[in-house]
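Here the structure comes first, spelled out in structure tokens, and everything after it is commentary.
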Number of protein chains: 2
Amino acid sequence: MPTPERTSLEAIVAAARDLLETEGLPGLTMQAVAERVGVRAPSLYKRVQGRDQLVQLVAEATLVEVAERLEASTDLIDLVDRFRAFGHERPSAFQLVMTPGPGVPTARPEFGAATSGPILRHAGALAGEPEALEAARTVTAWAAGFVSMELTGGFGLGGDVDAAWRFGAERIVAAVGSGAQGRDLVS
Amino acid sequence: MPTPERTSLEAIVAAARDLLETEGLPGLTMQAVAERVGVRAPSLYKRVQGRDQLVQLVAEATLVEVAERLEASTDLIDLVDRFRAFGHERPSAFQLVMTPGPGVPTARPEFGAATSGPILRHAGALAGEPEALEAARTVTAWAAGFVSMELTGGFGLGGDVDAAWRFGAERIVAAVGSGAQGRDLVS
DNA sequence: ACCTGAACACCGTTCAAGT
DNA sequence: ACCTGAACACCGTTCAAGT
């Protein structure tokens with residue numbers, strides 16, 4: 001006799017994302033997720049292989065959302081500003097996705113690739129197609145590193161963090177485009 | 001009647017650092033550490049407040065070591081190369097220190113400050129003192145982000161990661177120094 | 001077909017009891 | 001003064017039993 005489903009994978013992932021942000025990764029337990037979706041912990045294993053896979057699904061859902069936000073960006077400066085804004089809104093999810101600690105499950109590569117579309121587009125326009133990938137990686141690494149460090153207090157005390165962000169954004173965007181400009185001048 | 005000490009804080013931290021690298025952060029358990037130093041888990045609480053503090057001590061010891069390595073650097077390119085080399089040698093410790101995941105204990109600020117000495121020195125020489133801090137943060141953010149992403153597979157598949165590193169290092173060092181150069185030309 | 005209680009192995013942590 | 005076994009609360013996970 002079939003039993004009606006009392007929850008869903010979507011509800012489980014949503015509860016996990018909530019818990020991650022409110023309680024941190026250690027608070028994202030199977031029991032807490034189960035309670036939120038109105039079920040006992042063992043029932044989660046009908047929809048999810050285990051906690052590690054659930055964390056991975058949270059990371060992937062986060063990447064999809066990041067990709068959506070970046071799609072709307074108009075240029076590279078706007079893109080990194082949106083990227084940073086997401087980090088401030090959802091610090092735990094941002095860290096999970098961009099800089100998972102040692103031993104933390106990560107998203108499958110396809111999901112990382114989804115976010116690189118808009119970055120590659122803007123980076124290519126600026127640096128030229130041959131250097132698009134390297135330019136995109138330079139910008140991404142800087143932005144991810146910067147936001148991750150400010151979220152974990154890596155910048156220590158003192159100084160104007162917003163000013164350092166603008167400084168970095170302007171200089172890096174200029175630097176990444178400098179090769180193409182040089183070549184244009186010569187050709 | 002006093003009992004002879006059967007272990008020490010140094011031995012505990014050393015065992016924890018070993019475990020972090022060989023087993024990952026989840027494998028860094030109080031029981032595993034206790035076994036390595038030849039003691040039962042409860043005895044660890046004579047020297048350490050708890051697992052979180054032990055992880056913090058590991059992070060701080062790692063930062064001291066990173067600072068030592070960076071001290072030897074001759075210029076900014078050399079410095080970031082040493083920084084990256086450390087990440088490749090000790091990936092888990094590197095991630096713990098530079099990009100701890102959400103909920104992972106972090107080092108006290110003094111220890112982060114220790115590593116910024118050599119960075120500030122080289123960045124100041126390049127960008128000028130007024131912009132030294134912003135230049136240092138730009139370089140640090142890029143390097144930390146880059147190495148963290150390559151360690152966690154964040155760059156997806158394909159492409160020449162070493163080439164992207166050299167591209168970024170050269171462009172960023174140039175970009176960070178561009179303001180001072182410009183001012184020199186005008187003055 | 002889905003959900004549950006019970007159980008297992010394994011955590012971190014506390015504490016009274018040993019020496 | 002340090003170490004230990006026992007105990008507790010809490011994990012993730014498995015599985016036989018319920019409906």
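Below, read A as the first sequence line, B as the second, and so on, with proteins coming before strands; counting in each chain starts at 1. Remember, predicted model here, so these are calculated numbers, not experimental data.
- E35(B) CD: 12 or fewer foreign heavy atoms inside a 6.0 Å radius.
- Between E5(A) and R47(A) there is a salt bridge, since a side-chain N of the basic residue sits under 4.0 Å from a carboxylate O of the acidic one.
- In this structure, the CZ atom of R51(A) is 8 Å from the P atom of dT13(D), given to the nearest Å.
- In this structure, S43(B) does not reach the dC2(D) phosphate: none of its side-chain N or O atoms is under 4.0 Å from OP1 or OP2.
- Using a distance-only test at 3.5 Å, with no hydrogens or angles considered, a donor-acceptor pair links the side chain of S178(A) to the main chain of A175(A).
- Following rounding to the nearest Å, Q49(A) (CD) and dG12(D) (P) show an atom-to-atom distance of 16 Å.
- Minimum atom distance to the side chain of R40(B) is reached by dG5(D), of the listed dC11(C), dT4(C), dG5(D).
- With dC11(D), dG12(C), dC3(D) as the choices, the nucleotide that has an atom nearest any side-chain atom of M30(B) turns out to be dG12(C).
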Given side chain to side chain contact (heavy atoms under 4.5 Å, CB included), test E65(B) with R90(B) step by step and report yes or no. CA-CA 11 Å; E65(B) 190 183 343; R90(B) 308 258 297 281; 3.0 Å; yes
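- Taking atom CD of E35(A) as the reference point, atom P of dC3(C) lies 16 Å away to the nearest angstrom.
- Between dT13(D), dT13(C), dT4(D), one nucleotide has an atom nearer to the side chain of A41(A) than all others, and that is dT13(D).
- Spacing between atom CZ of R6(B) and atom C1' of dG18(C) amounts to 11 Å, rounded to whole angstrom units.
- Counting non-hydrogen atoms of neighbouring residues, nucleotides and ligands closer than 6.0 angstrom, the CD atom of Q49(A) reaches no more than 12 such neighbours.
- Regarding I12(B), its CD1 atom lies at a distance of 12 Å from the P atom of dC2(D), rounded to whole Å.
- Backbone-only contact: T29(A) has heavy atoms under 4.0 Å from sugar-phosphate atoms and none from a base.
- Sorted by first and then second residue, the pairs that involve residues 99-123 of chain A and meet salt bridge (charged side-chain N to carboxylate O under 4.0 Å, His left out), not counting sequence neighbours, are E60(A)-R108(A), E71(A)-R121(A).
- Rounding to whole angstrom units, OH of residue Y45(B) and C1' of dG5(D) are separated by 15 Å.
- Atom CG of L19(A) is separated from atom C1' of dC11(D) by 15 Å (rounded to the nearest Å).
- Side-chain polar atoms of S148(A) and T99(A) form a donor-acceptor pair below 3.5 angstrom.
- Protein atom CD of Q31(A) is 13 Å distant from nucleotide atom C1' of dA6(C), rounded to whole Å.
- In the set dT4(D), dG12(D), dC15(D), dC15(D) carries the atom at the smallest distance from any side-chain atom of P42(A).
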Where does DNA chain D pair, written as one dot-bracket string 5' to 3', with Watson-Crick or G-U pairs under 3.5 Å, ( ) inside the strand, [ ] for crossing pairs and | for another strand? ||.|||||...|||||.||
